[in-house]
Novice: 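Just dropping this structure here.
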Amino acid sequence: MEARIEVPDLRYMIFAIATQIPKGMVSTYGDIARALGDVRASRAVGKIMAADLDRPFPVPCHRVVYTDGRVGWYHGSGRGTEVQASMLMAEGVPVGNGQVMEFAKYRFTDFVAEPVLESLAHRQDQVASSVIETETRVEAIAGIDVAYEGDRAFGAAVVTDLSGEVFEERTVEMNVRFSYVPTYLSYRELPVMARLVQGPEVMHMVDGNGRLHPRRAGIACQLGVEMDVPSIGVAKSLLCGSLDDGNVLVDGTVLGRIVGDGRPVYVSVGHRTTLEQAERLCRGTRHVRVPEPVRRAHILAGRLRDEFRGRQDADSVA
DNA sequence: GCGACAG
DNA sequence: ATCTTGTCGC
């Protein structure tokens, strides 16, 4: 059972939008994120512009500054605030004290772009309304996780019985082009996870949240609904909500359960299960902090990545 | 200064 | 998630 999940090339879109900033003007990381459809992607925009040096075409990164007009730590040739400032001044943008002067006058926000994040959020809304919260009788659990080396993704599924005893493993390898943006994790990892789906009679335990998500559509929900398999989310840290007894509340609704003390994990419904069943399966397979299926998948994916690194090092020597 | 967000 | 020295605990 294999499936393809189509996801936009976020990195390419960010570069394409930045290219629209005309000579003699500047924009902010937030402006670009807004053009993509969600300001909350602004830090992801900054990260990509700073880190991704091999680009499909020239990108005027020096024309992107902070919201207060400050010139950042430009990473292009020469690097440094000074370099960026002089590049901007050469284009006619006045910079003083590390800041763009008359910022509003030189600020460009008139981008022409598809607000992809907006449509991806809509898709999440649809997923949220498609989630079925009834128990599914299962005798196996597939833990699923993904590790990375740059854009190379290594996915692993480890199938266990209800006590966490392993009886099957599977791995997959592919490239991804959607960087991590809070609340949009599924679009980064789903193309990988979808290829590891085990079928409608296996509970898929995903490293991440299910309904415990601002739009009630975390990666476990999306995997479950789009592949029509039962799923639960097990997260190691909180994305949203507040703690109340053993519960996690979002807008006054119990969306998650806290399992374990000290550094607990947060369990929530993905699809075709209930919060009670999700918690039960989690507790039943939890020998240490993280339940066995997910813990093993995490280790396996990491090992696959390390092997890849070894292969790469061998290649670079040859 | 506050808030700050799965992986 | 990933980058990483020494440190803590079993």
Side-chain angles (χ1 to χ4, degrees), chain A residues 7 10-11 29-30 33 38-48 50-52 66-68 117 120-121 124 127-128 143-157 173-194 196 204-224 231-243 248 250-251 255-259 262-270 278 282 287-291 294-295 297-306 308-309 312:
Chain A
V7 152
L10 198 65
R11 200 183 60 171
Y29 298 102
D38 194 336
V39 219
R40 291 162 49 150
S42 51
R43 280 189 295 277
V45 170
K47 237 198 229 167
I48 287 176
D52 262 322
Y66 297 120
T67 309
D68 58 5
L117 292 179
L120 295 182
Q124 289 179 325
V127 165
I144 302 182
D145 195 20
V146 185
Y148 299 90
E149 171 69 40
D151 283 343
R152 195 74 179 156
F154 306 88
E173 195 177 322
M174 66 186 290
N175 284 326
V176 294
R177 297 206 153 279
F178 197 101
S179 47
Y180 171 71
V181 180
T183 75
Y184 297 90
L185 171 68
S186 48
Y187 298 106
R188 175 167 174 76
E189 304 206 331
L190 216 56
V192 187
M193 291 188 174
L196 294 165
H204 296 73
M205 188 182 274
V206 175
D207 189 350
N209 289 301
R211 303 226 80 170
L212 198 41
H213 180 277
R215 292 180 286 278
R216 288 163 168 62
I219 187 164
C221 299
Q222 203 148 351
L223 180 76
S231 63
I232 73 182
V234 177
K236 297 182 292 296
S237 65
L238 217 49
L239 169 64
C240 61
S242 55
L243 306 184
V248 186
V250 179
D251 305 328
L255 292 185
R257 291 283 298 163
I258 305 168
V259 175
R263 276 164 57 84
V265 291
Y266 307 95
V267 184
S268 57
V269 166
C282 179
H287 301 169
V288 290
R289 184 186 174 220
V290 176
V294 168
R295 195 179 73 85
H298 184 80
I299 293 169
L300 182 55
R303 206 157 47 215
L304 202 66
R305 180 203 55 215
D306 293 342
F308 173 79
R309 284 177 178 164
Q312 274 199 322

Novice: Of all residues at least two apart in sequence or in a different chain, which pass the salt bridge (Lys or Arg N to Asp or Glu O under 4.0 Å) check with A:Arg188?
Specialist: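 In terms of salt bridge (Lys or Arg N to Asp or Glu O under 4.0 Å), with neighbours along the sequence ignored, A:Arg188 is linked to no residue.
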Novice: Could you run through DNA chain B and flag its stems, i.e. three or more consecutive Watson-Crick or G-U pairs with both distances under 3.5 Å?
Specialist: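 Stems for DNA chain B, defined as runs of 3 or more consecutive pairs: none.
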Novice: Dot-bracket for DNA chain C, 5' to 3', counting Watson-Crick or G-U wobble pairs under 3.5 Å, with [ ] for crossing pairs and | for inter-strand pairs?
Specialist: ..........
Novice: Using side-chain contact (heavy atoms from CB on, under 4.5 Å) as the criterion, list what pairs up with A:Leu117, not counting sequence neighbours.
Specialist: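 Per chain and number, A:Leu117 pairs via side-chain contact (heavy atoms from CB on, under 4.5 Å) with A:Leu10, A:Leu36, A:Asp38, A:Ala41, A:Leu120, A:Phe178, A:Tyr184.
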Novice: Using a heavy-atom cut-off of under 4.0 Å over every strand shown, decide if A:Tyr148 touches base, sugar-phosphate, or nothing.
Specialist: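 Sugar-phosphate contact only.
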Novice: Heavy atoms only, 4.0 Å cut-off, all strands: where does A:Asn209 land among base, sugar-phosphate and nothing?
Specialist: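 The answer is base, as A:Asn209 lies within the cut-off (heavy atoms under 4.0 Å) of a base atom.
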Novice: Is A:Pro191 close to A:Val7 at the side-chain level, that is, under 4.5 Å between some pair of heavy atoms?
Specialist: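 They are in side-chain contact.
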Novice: Base, sugar-phosphate, or nothing: which does A:Phe154 touch, judged by heavy atoms less than 4.0 Å apart?
Specialist: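 Here A:Phe154 touches no strand at all.
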Novice: Give a yes or no on whether the backbone of A:Thr183 and the side-chain of A:Gln124 come within a donor-acceptor separation of less than 3.5 Å.
Specialist: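 Checked: pair present.
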Novice: Using the test side-chain contact (heavy atoms from CB on, under 4.5 Å), find all partners of A:Pro264 that sit at least two apart in sequence or belong to another chain.
Specialist: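 Per chain and number, A:Pro264 pairs via side-chain contact (heavy atoms from CB on, under 4.5 Å) with A:Ile258, A:Tyr266.
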Novice: Students often get this wrong, so: under 4.0 angstrom with heavy atoms, is A:Leu238 touching a base, only sugar-phosphate, or nothing?
Specialist: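 It contacts sugar-phosphate atoms only.
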Novice: Does the pair A:Asp306/A:Arg303 count as a salt bridge with the N-to-O cut at 4.0 Å?
Specialist: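 Between A:Arg303 and A:Asp306 there is no salt bridge, as every charged N stays at least 4.0 Å from the carboxylate O atoms.
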Novice: Measure from CG on A:Leu239 to C1' on C:dA1 and round the result to the nearest Å.
Specialist: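 Distance check: A:Leu239 CG to C:dA1 C1' gives 15 Å.
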Novice: Of all residues at least two apart in sequence or in a different chain, which pass the salt bridge (Lys or Arg N to Asp or Glu O under 4.0 Å) check with A:Glu173?
Specialist: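 A:Glu173: salt bridge (Lys or Arg N to Asp or Glu O under 4.0 Å) contacts with A:Arg152, A:Arg311.
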Novice: When every nucleotide of nucleotides 3-10 of chain C is labelled 5' to 3' by its protein contacts under 4.0 Å (heavy atoms), B for base, S for sugar-phosphate only, - for none, what sequence of letters results?
Specialist: S-------
Novice: Measuring only between side-chain heavy atoms, which start at C-beta, is A:Pro291 closer than 4.5 Å to A:Val234?
Specialist: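 Side-chain contact under 4.5 Å: yes.
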Novice: Please name all residues satisfying side chain to side chain donor-acceptor pair (under 3.5 Å) with A:Tyr29, sequence neighbours left out, ordered by chain then number.
Specialist: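 A:Tyr29 satisfies side chain to side chain donor-acceptor pair (under 3.5 Å) with no other residue.
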Novice: Under 4.0 Å, heavy atoms only, any strand: does A:Ser237 hit a base, just the sugar-phosphate, or nothing?
Specialist: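 Sugar-phosphate, no base atom in range.
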Novice: Restricting to side-chain contact (heavy atoms from CB on, under 4.5 Å), what partner residues turn up for A:Val294, sequence neighbours left out?
Specialist: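 For A:Val294 the side-chain contact (heavy atoms from CB on, under 4.5 Å) partners, ignoring immediate neighbours, are A:Met205, A:Asp207, A:Val290.
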Novice: Taking side-chain contact (heavy atoms from CB on, under 4.5 Å) as the test, write out the residues that go with A:Leu304, two or more places apart.
Specialist: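 A:Leu304 satisfies side-chain contact (heavy atoms from CB on, under 4.5 Å) with A:Phe154, A:Thr171, A:Glu307 only.
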Novice: Are any of the side-chain heavy atoms of A:Leu223 and A:Leu190 separated by less than 4.5 Å?
Specialist: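 A side-chain contact under 4.5 Å exists here.
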Novice: List for me each residue that meets salt bridge (Lys or Arg N to Asp or Glu O under 4.0 Å) alongside A:Arg295, sequence neighbours excluded, and say none if there are none.
Specialist: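 Testing A:Arg295 for salt bridge (Lys or Arg N to Asp or Glu O under 4.0 Å), a comparison that skips the adjacent residues, returns A:Glu292.
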Novice: Quick one: how far along DNA chain B does chain A reach, first to last nucleotide 5' to 3', anything under 4.0 Å to a heavy atom?
Specialist: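 Span of nucleotides near chain A: B:dA4 to B:dG7.
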